[in-house]
Participant: 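Could you have a look at this structure, given as structure tokens, before my questions?
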Amino acid sequence: ALPISEWADRWFKRAQRFGLVNVTDARWGTELPTHGKAQLDHVLASESIESRISAVAVLHDAANDSDHRPILFTID
């Protein structure tokens with residue numbers, strides 16, 4: 001079995017070949033916690049959608065029943 005990092009590398013490279021952008025990495029430049037202390041959530045979008053995003057934020061909503069924090073995108 002391949003290590004998780006190698007699977008992730010293959011997955012993101014394949015997405016890029018299909019014209020998808022990892023929006024969270026493109027906007028944040030680093031990983032931000034979306035699940036405990038780790039970023040488990042990544043959002044992919046086409047380049048045309050990514051170019052319209054003006055803000056990306058991780059919401060810290062105590063009322064959220066999920067174990068993952070929501071990611072809010074502002075699209076112009």
Side-chain angles (χ1 to χ4, degrees):
L2 295 172
I4 291 174
S5 61
E6 190 170 335
W7 280 112
D9 186 52
R10 287 181 180 194
W11 190 80
F12 285 115
K13 282 181 180 175
R14 184 176 179 132
Q16 188 176 32
R17 277 198 316 263
F18 284 97
L20 298 174
V21 176
N22 184 347
V23 179
T24 47
D25 283 3
R27 294 295 166 164
W28 293 334
T30 188
E31 292 205 352
L32 295 179
T34 59
H35 179 78
K37 294 182 179 183
Q39 179 181 331
L40 298 183
D41 304 290
H42 294 267
V43 177
L44 302 178
S46 67
E47 290 179 7
S48 63
I49 293 294
E50 193 276 336
S51 69
R52 296 177 51 209
I53 296 173
S54 59
V56 180
V58 177
L59 303 180
H60 301 278
D61 182 2
N64 181 9
D65 290 338
S66 173
D67 60 346
H68 292 256
R69 294 185 186 124
I71 301 173
L72 173 68
F73 292 88
T74 304
I75 300 175
D76 295 331

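For clarity, every value in this text was computed on a predicted model and none was experimentally measured.
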Participant: Do Val43 and Val58 share a hydrophobic cluster (ILVMFWY, side-chain heavy atoms under 4.5 Å, transitive)?
Facilitator: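 Yes; tracing contacts between hydrophobic side chains, which count when under 4.5 Å, links both residues.
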Participant: Quick check on the hydrophobic clustering: are Val21 and Ile75 connected, directly or via other members, by side-chain heavy-atom contacts under 4.5 Å?
Facilitator: no
Participant: Please name the pair of heavy atoms, one in Arg27 and one in Val56, separated by the smallest distance, quoted to 0.1 Å.
Facilitator: CG-CG2, 3.6 Å
Participant: How would you list, by chain and number, every residue that makes a side chain to side chain donor-acceptor pair (under 3.5 Å) with Thr74, sequence neighbours excluded?
Facilitator: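 By the side chain to side chain donor-acceptor pair (under 3.5 Å) rule, Thr74 matches no residue at all.
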Participant: Rounded to the nearest 0.5 Å, how far does CD of Gln16 lie from CG of Asn22?
Facilitator: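 Rounded to the nearest 0.5 Å, the CG-CD separation comes to 10.0 Å.
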Participant: Once you round to the nearest 0.5 Å, how far does CZ of Arg52 lie from CZ of Phe73?
Facilitator: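 CZ of Phe73 is found 13.5 Å from CZ of Arg52.
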Participant: Which distance, rounded to the nearest 0.5 Å, do you find between the CG of Leu44 and the CZ of Phe18?
Facilitator: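 Going from CG on Leu44 over to CZ on Phe18, the span is 12.5 Å.
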Participant: Minimum heavy-atom separation for Leu20 and Ser46, please, with both atom names.
Facilitator: CD2-N, 3.9 Å
Participant: Identify, with sequence neighbours excluded, every residue that meets side chain to side chain donor-acceptor pair (under 3.5 Å) alongside Ser51.
Facilitator: none
